[in-house]
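Residues take their numbers from the sequence shown, with the count starting at 1. Below, each value reflects all heavy atoms present in this structure, side chains not excepted, and no hydrogens, waters or symmetry copies.
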Amino acid sequence: MSGYDGARPVGQVKEVTSLANPLVKDIKALALKKFRDQQNAFMAEGLKLVIDALDLGWQIRTLVFAKAGRGNAAVEKVAARTVASGGTVLEVSEKVLVAITRRDNPQMVIGVFSQKLLALKDIRADNGDVWVALDRVRDPGNLGTVIRTVDAVGAKGVILVGDTTDPFSVETVRATMGSIFAVPVAKATTEAFLAWRGGFSGLVAGTHLKGAVDYRSVDFSRGPVLLMMGNEQQGLPESLAASCDRLLRIPQAGRADSLNLAVATGVMLFEIRRGALKLDPMVDSQ
């Protein structure tokens, strides 16, 4: 892997049609976590996502766009921003795009960005802030959906506890629909997280099958809130459940005895943030 080693390259534009091109091989390799970790990089698909990422201050390393995008004002503007920041711009054939994305109908634009994680010690929770801690989340679709929901409700960020799926995998990034660039993500071992939780001054609530409290009966309006959600198969382990101030349940009436992790997290977040969420009065309510 040579495409991202060393000092930041001087911005440049290249035309690429061969799948054997070393830059193409480097980008394709980002489908594997080993290479994402080695290069501290990841891939995001779509012009809007790339623009949002740049606007939010993320470092773009490589911009890939289809030849069909030549002459598109928005694509050319993003290409100019990439070159100005020292990144490389690749104009590629559709065959190359299909190979990079592993999709038959790929987006016209792909960005390769530097990864960015928030240090646990740098999280400062103020009144009204909501953080979500996910224990050993395994499914990238669940993680991406939670990150997107955190963004939608205006919560502050996500803390990944223990051995979790990669927030920068292609599948997770797709599921966030761009919210990966707007939502801070931290990672921690269970031990480090519990030590940090000891200094958290607000309400710590978790959903649990042993929870005896209806989630709708809790006042979440005072101080910051930390919501703990457990692994898809096992729920919250005892060590994390014991550190919660309240163990809550979401009532159910059907035969299903549990909810999908992302759905349950969404239900909880919209309840916790209910007082802060208002419809735009200019939107027609009919």
Side-chain angles (χ1 to χ4, degrees), residues 33 129-177 179-180 183 185-194 196-197 200 202-221 224-277:
K33 186 177 187 301
D129 287 357
V130 178
W131 285 84
V132 177
L134 298 176
D135 174 60
R136 296 167 297 147
V137 57
R138 291 285 192 260
D139 185 87
N142 277 338
L143 176 54
T145 302
V146 168
I147 291 172
R148 184 180 179 186
T149 306
V150 164
D151 189 11
V153 302
K156 290 298 180 179
V158 173
I159 303 168
L160 301 178
V161 182
D163 184 18
T164 71
T165 192
D166 186 5
F168 298 110
S169 74
V170 173
E171 297 82 4
T172 303
V173 173
R174 281 176 185 162
T176 72
M177 295 293 286
S179 292
I180 187 67
V183 174
V185 176
K187 294 179 73 174
T189 63
T190 300
E191 294 73 23
F193 172 75
L194 287 172
W196 174 85
R197 180 265 177 270
F200 187 84
L203 173 67
V204 180
T207 59
H208 201 281
L209 288 177
K210 295 180 181 178
V213 179
D214 187 323
Y215 79 107
R216 297 166 297 183
S217 68
V218 178
D219 180 5
F220 295 107
S221 64
V225 176
L226 173 63
L227 173 64
M228 283 196 209
M229 302 297 294
N231 168 273
E232 289 97 337
Q233 281 76 41
Q234 301 166 324
L236 280 178
E238 289 305 314
S239 60
L240 293 184
S243 72
C244 291
D245 300 316
R246 307 292 289 273
L247 288 178
L248 312 177
R249 286 187 72 178
I250 300 172
Q252 296 166 228
R255 291 184 61 196
D257 61 0
S258 64
L259 288 174
N260 167 272
L261 171 62
V263 171
T265 306
V267 169
M268 291 297 304
L269 282 173
F270 273 92
E271 178 65 21
I272 293 169
R273 291 283 294 161
R274 179 167 53 164
L277 301 175

Nearest heavy-atom neighbours spanning T172 and D166:
OG1-O, 3.0 Å
With a 3.5 Å cut-off and no angle check, do the side chains of R138 and Q233 form a donor-acceptor pair?
no
At their closest point, which heavy atom of F270 faces which heavy atom of L277, and how far apart are they?
CD2-CD1, 3.6 Å
Provide the closest heavy-atom pair for V150 versus G157 in the form atom of the first, atom of the second, distance.
CG1-N, 4.0 Å
Roughly how far apart are R216 CZ and L248 CG, rounded to 0.5 Å?
11.5 Å
Is any side-chain heavy atom of S179 closer than 4.5 Å to a side-chain heavy atom of T149?
no
Smallest separation among heavy atoms of A262 and N260, with atom names
N-OD1, 2.8 Å
Please round to the nearest 0.5 Å and tell me the distance separating atom CH2 of W131 and atom CG of L227.
13.5 Å
Between CG of L134 and CG of N142, what distance do you get to the nearest 0.5 Å?
9.0 Å
Heavy-atom side-chain proximity of I180 to F168 below 4.5 angstrom:
yes
SB check E271 R274 (cutoff 4.0 Å)
yes
Do M228 and D135 have side chains that get closer than 4.5 Å, going by heavy atoms?
no
Is a donor on one side and an acceptor on the other found under 3.5 Å between the side chain of R136 and the backbone of D163?
no
Heavy-atom closest pair, residues A241 and H208
CB-CD2, 3.7 Å
Apply side chain to side chain contact (heavy atoms under 4.5 Å, CB included) to the pair C244 and L236, showing each step before the final yes or no.
CA-CA 10 Å; C244 291; L236 280 178; 4.3 Å; yes
Side-chain heavy atoms of Y215 within contact of T207, under 4.5 Å
no
D139 side, atom CG; E171 side, atom CD - distance, nearest 0.5 Å:
9.5 Å
Quick note, salt bridge (Lys or Arg N to Asp or Glu O under 4.0 Å) partners involving residues 224-248, not counting sequence neighbours, are R197-D245, K210-E238
CG on L160 to OG1 on T164, rounded to 0.5 Å:
4.0 Å
Any chance you could measure T265, atom OG1, to L143, atom CG, to the nearest 0.5 Å?
10.0 Å
With the side chain counted from C-beta on, respond yes when L203 and V218 share a heavy-atom pair under 4.5 Å apart, and no when they do not.
yes
Please report the shortest heavy-atom distance between D214 and P251, naming the atom on each side.
OD2-CG, 3.4 Å
Using ring pair (Phe, Tyr, Trp, His ring centres under 6.0 Å) as the criterion, list what pairs up with F200, not counting sequence neighbours.
W196
Side chain to side chain contact (heavy atoms under 4.5 Å, CB included) for N231 and V137? Distances and angles first, verdict last.
CA-CA 5 Å; N231 168 273; V137 57; over 6 Å; no
Checking L194 now: which residues fulfil side-chain contact (heavy atoms from CB on, under 4.5 Å) with it, not counting sequence neighbours?
T190, S239, L240, S243
